[in-house]
Novice: 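Could you have a look at this structure, given as C-alpha cells, before my questions?
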Amino acid sequence: MNILVTGASGFVGIPLCEYLISQGHAVVGTVRKMSQQSSFKCISLGDIHDDTFSWAPAFELGSFDCVVHLAAR
C-alpha cells in the first residue's frame with residue numbers, strides 16, 4: 001500500500017511512518033524542513049500556515065492508497 005503521511009516529523013508521525021514501513025508499506029512523509037527527515041522518504045512542503053502552501057507537490061509523486069493527515073491544519 002502507498003501511504004502519504006502529513007506532519008510526518010511530529011512525535012506521532014515519525015513512529016507511525018516507521019511502523020508502516022516495518023509492515024511493508026511504501027510511505028512518503030511531508031515535513032516542514034528536510035532537516036527533520038527520518039529514515040523514510042520525505043518531501044518538504046514548507047509551513048502549512050503559509051498562504052502560498054500547497055499539497056500539490058506531494059501528490060505529483062504518484063498515487064496514494066491512503067492519506068494519514070497529522071498536520072496541524
Side-chain angles (χ1 to χ4, degrees):
M1 185 179 271
N2 293 324
I3 302 173
L4 174 66
V5 178
T6 68
S9 61
F11 67 92
V12 173
I14 291 171
L16 174 63
C17 289
E18 291 173 350
Y19 173 77
L20 292 170
I21 290 168
S22 75
Q23 298 302 302
H25 300 289
V27 175
V28 173
T30 65
V31 296
R32 288 185 189 163
K33 299 176 189 171
M34 289 308 289
S35 62
Q36 297 170 319
Q37 184 173 346
S38 187
S39 59
F40 47 88
K41 182 176 181 179
C42 292
I43 181 173
S44 177
L45 299 179
D47 191 334
I48 196 169
H49 299 289
D50 185 340
D51 289 338
T52 62
F53 180 86
S54 173
W55 292 108
F59 289 101
E60 290 169 0
L61 294 174
S63 62
F64 296 96
D65 301 304
C66 178
V67 176
V68 179
H69 185 61
L70 300 176
R73 193 176 211 185

Novice: Between Trp55 and Phe53, what is the shortest heavy-atom contact and its length?
Specialist: CE2-CE2, 3.5 Å
Novice: How would you list, by chain and number, every residue that makes a side chain to side chain contact (heavy atoms under 4.5 Å, CB included) with Pro57, sequence neighbours excluded?
Specialist: Ile43, Leu45, Ser54
Novice: Considering non-hydrogen atoms only, spot the tightest contact between Ala58 and Phe64 and give its length.
Specialist: O-CE1, 3.5 Å
Novice: Under 3.5 Å, which donor-acceptor pairs do the side chains of residues 21-31 form with other protein atoms, sequence neighbours left out?
Specialist:
{"residue": "Ser22", "atom": "OG", "partner": "Tyr19", "partner atom": "O", "Å": "2.6"}
{"residue": "Thr30", "atom": "OG1", "partner": "Gly7", "partner atom": "N", "Å": "3.2"}

Novice: Donor-acceptor pair, distance only, cut-off 3.5 Å: does the side chain of Asn2 make one with the backbone of Asp65?
Specialist: no
